Amino acid sequence: MRLLIFLLFSAFAVEFGIMTLFLVLVDHALNVWVEAAIDASLLSALLFPVLYFLVFRPLVRQIKDFEQAETDLRAIRDRLEFRVQERTVDLEQRNREISLLAEISNFLQACATPQEAYRVVSRAGQELFPGTTGALFVYSASRNDLEAQASWGELNLDPEGRVFAPGDCWALRRGREYRIEDSRTGLPCAHVPSAQPGNYLCIP
């Protein structure tokens, strides 16, 4: 809008100067200044729609398009930066897990007794699955039951909960992992205490 006002003011001033000079030279009967002002005003009034529709509106539209494009580019840049940060965090987490698994593997290979291996598993569960609870159950020699040999997190197993039969676990019976998101809608394993949260995963 300021540009439009500037153009009109410039046209008015130029026309006013030209008409004043012309009227002085021809010695017009009317007041030179009044007639020049009237003529310049009429010219400005005629130029206003021309400038508005041919200059001002297209210019405003281009400016708005440019601002919208700049906003879109900024949003795309922010989304890309967020994705890069996510990928970076995921990559760092994956590298940490790979390093941890390699370290755990070295420790397990160096274990001389099963008890040492169970201690390594407890530490690994704590570091690989922070904020969770879990346990490693191992078959007995007779393979009639499984007993908890390692655990991590705040898992409190009573003596009865430390041993269960293979048929009490859906993962063992089906030969693949079994996940329960909500024990109220799913079919929980018999070896999982009812007091435990309903979200768990069994891996044979």
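Owing to the predicted nature of the structure, the values given are computational and were not obtained by experimental measurement.
Between D145 and P166 the shortest heavy-atom distance is CA-CD, 3.9 Å. Nearest heavy-atom pair, P204 versus L172, reported as atom, atom and distance to 0.1 Å: CB-CD2, 3.7 Å. When all heavy atoms of L136 and Y118 are compared, the closest pair comes out as CD2-CD2, 4.2 Å. Scanning both residues, I104 and A124, for their nearest heavy atoms gives CD1-CB, 3.0 Å.
Clustering of Ile, Leu, Val, Met, Phe, Trp and Tyr side chains at separations under 4.5 Å places I203 together with L201.
A side-chain donor-acceptor contact under 3.5 Å links S122 to the backbone of S151. Within the 3.5 Å criterion, the main-chain N or O of A102 finds a donor-acceptor partner in the side chain of N106. Looking at R162, its side chain never comes within 3.5 Å of a backbone N or O of E147 through a donor-acceptor pair.
Once rounded to the nearest 0.5 Å, the distance linking CD1 of I180 with SG of C189 reads 7.0 Å. Within the model, atoms OG1 of T133 and CD of Q126 stand 10.0 Å from one another, a figure rounded to the nearest 0.5 Å. From R79, atom CZ reaches atom CD1 of I76 across 5.5 Å, with rounding to the nearest 0.5 Å. Summarising the geometry, atom CG belonging to D168 is positioned 11.0 Å from atom SG belonging to C202; distances are rounded to the nearest 0.5 Å. H191 NE2 to L146 CG: the interatomic distance, rounded to the nearest 0.5 Å, is 9.0 Å.
Each of V163 and L155 belongs to its own hydrophobic cluster when Ile, Leu, Val, Met, Phe, Trp and Tyr are linked at side-chain heavy-atom distances under 4.5 angstrom. Taken together through direct or relayed side-chain contacts under 4.5 Å among Ile, Leu, Val, Met, Phe, Trp and Tyr, L108 and Y139 form parts of separate hydrophobic clusters.
Sorted by first and then second residue, the pairs that involve residues 98-115 and meet salt bridge (Lys or Arg N to Asp or Glu O under 4.0 Å), not counting sequence neighbours, are E103-R123.
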Which atom pairs, donor and acceptor, lie under 3.5 Å between side-chain atoms of residues 80-95 and protein residues at least two apart or in another chain?
{"unit_1": "T88", "atom_1": "OG1", "unit_2": "V84", "atom_2": "O", "d": "2.7"}
{"unit_1": "Q93", "atom_1": "NE2", "unit_2": "E97", "atom_2": "OE2", "d": "3.0"}
{"unit_1": "N95", "atom_1": "ND2", "unit_2": "L91", "atom_2": "O", "d": "3.3"}

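Proximity of E116 to V120: side-chain heavy atoms (C-beta onward) are nowhere separated by under 4.5 Å. Y178 places none of its side-chain heavy atoms less than 4.5 Å from the side chain of C169.
Applying the 6.0 Å contact sphere to CZ of R143 captures no more than 12 heavy atoms from other residues, nucleotides or ligands.
Taking the centre and axis of the six-membered ring of W170, the NZ or CZ atom of R174 falls outside the cone set by 45° and 6.0 Å.
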